[in-house]
Undergrad: 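Pasting a structure here, questions to come.
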There are 2 protein chains.
Amino acid sequence: MNRRLVFTRSSCPITNSLDIIIGDKWTMLIVRDLVLGKERYQEFLSSPEKIATNILADRLKRLQSANIVVKQAYQYNPIRYKYNLTGKGKELRTVLQNLALWGLKNFPGTRTVPSARNQK
Amino acid sequence: MNRRLVFTRSSCPITNSLDIIIGDKWTMLIVRDLVLGKERYQEFLSSPEKIATNILADRLKRLQSANIVVKQAYQYNPIRYKYNLTGKGKELRTVLQNLALWGLKNFPGTRTVPSARNQK
């Protein structure tokens with residue numbers, strides 16, 4: 001198969017990754033929360049960065065479009081949704097871990113956010 | 001020493017890393033070019049993403065302020081400068097490598113940019 005591919009800025013894999021997941025100040029923090037085990041709207045809103053609800057809704061939609069996040073109903077009447085990383089999304093864990101290591105080393109006083117799984 | 005530290009958004013090391021280096025569409029691409037061996041203004045401008053000169057100048061200044069890049073004169077009359085990564089900047093290589101691996105896997109048709117060192 002010889003598909004012709006069109007890239008917005010270039011065919012560099014770093015550029016394309018940045019444009020999808022790191023192109024704004026919020027997307028990667030939602031991925032961080034998902035890696036840490038957060039699944040629900042209120043859990044993302046409770047993170048220390050205080051994301052606004054409209055930004056959260058928009059970025060979750062973008063992450064679904066990019067096949068990084070999947071949305072599933074976990075309750076009916078009233079319907080409630082939870083969000084999880086896809087396989088593609090889970091592969092971002094290594095990028096986040098390296099960012100965390102770099103940040104811990106270079107920004108004195110930073111602390112990793114505890115996993116939400118331990119708090120449930 | 002018990003310094004009181006003030007963070008813009010939170011004390012999370014990922015948040016602070018994102019705010020410095022990945023908060024916009026260009027900064028990390030300049031770091032990529034530096035990792036690949038580019039040193040001079042014209043070399044950064046020649047990258048396929050076609051960064052504008054005013055954005056390049058601004059982001060190089062920000063990277064110097066963050067102690068990620070160092071600027072040195074390599075010629076006088078007329079004076080010419082080159083840019084290199086500091087130790088802190090070089091430590092971002094792992095983050096970039098992981099982003100490149102994720103991008104190569106998830107964006108069909110992407111190709112890593114060749115090292116500038118091989119072309120000199």
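Lettering of chains follows the sequences in order, A, B, ..., and the numbering in each one begins at 1. The structure displayed is predicted, hence computed values, not measured ones.
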Undergrad: Looking at CG of A:Leu29 and OG1 of B:Thr15, how far apart are the two atoms once the value is rounded to the nearest 0.5 Å?
TA: 4.5 Å
Undergrad: Would you give the length of the straight line joining atom OG1 of A:Thr110 to atom CZ of B:Phe7, rounded to the nearest 0.5 angstrom?
TA: 6.0 Å
Undergrad: Give a yes or no answer on whether the side chain of A:Ser17 reaches the backbone of B:Leu99 with a donor-acceptor pair at less than 3.5 Å.
TA: yes
Undergrad: Residue by residue, which of residues 75-91 of chain A have a heavy atom closer than 4.5 Å to a heavy atom belonging to chain B?
TA: A:Lys88, A:Glu91
Undergrad: What residues of residues 47-55 of chain A make heavy-atom contacts with chain B at a cutoff under 4.5 angstrom?
TA: A:Pro48, A:Glu49
Undergrad: For A:Arg9 and B:Lys25, indicate whether the former's side chain and the latter's backbone hold a donor-acceptor pair under 3.5 Å.
TA: yes
Undergrad: If you round to the nearest 0.5 Å, how far is CH2 of A:Trp102 from CD1 of B:Ile14?
TA: 13.0 Å
Undergrad: By a 4.5 Å heavy-atom criterion (distance strictly below it), what part of B:Leu92 contacts chain A: side chain, backbone, both, or neither?
TA: both
Undergrad: Shortest non-hydrogen contact from A:Asn16 to B:Phe107?
TA: O-CZ, 3.6 Å
Undergrad: In this structure, which one of A:Leu96, A:Asn98, A:Leu101 forms a side chain to side chain contact (heavy atoms under 4.5 Å, CB included) with B:Val95?
TA: A:Asn98
Undergrad: About how many Å separate OG1 of A:Thr94 and CD of B:Gln97, when rounded to the nearest 0.5 Å?
TA: 12.5 Å
Undergrad: To the nearest 0.5 Å, tell me how far A:Asn67 CG sits from B:Asn106 CG.
TA: 8.5 Å
Undergrad: Around atom CD of B:Gln72, are there more than 12 heavy atoms of other residues, nucleotides or ligands at under 6.0 Å?
TA: yes
Undergrad: Give, for atom CG of A:Asp33 and atom SG of B:Cys12, the distance between the pair rounded to the nearest 0.5 Å.
TA: 8.5 Å
Undergrad: Between B:Arg111 and chain A, with a heavy-atom cut-off of 4.5 Å, which part of the residue counts as in contact: side chain, backbone, both or neither?
TA: both
Undergrad: If I compare all heavy atoms of A:Pro13 with all of B:Ala100, which pair ends up nearest, and what's the gap?
TA: CB-O, 3.6 Å
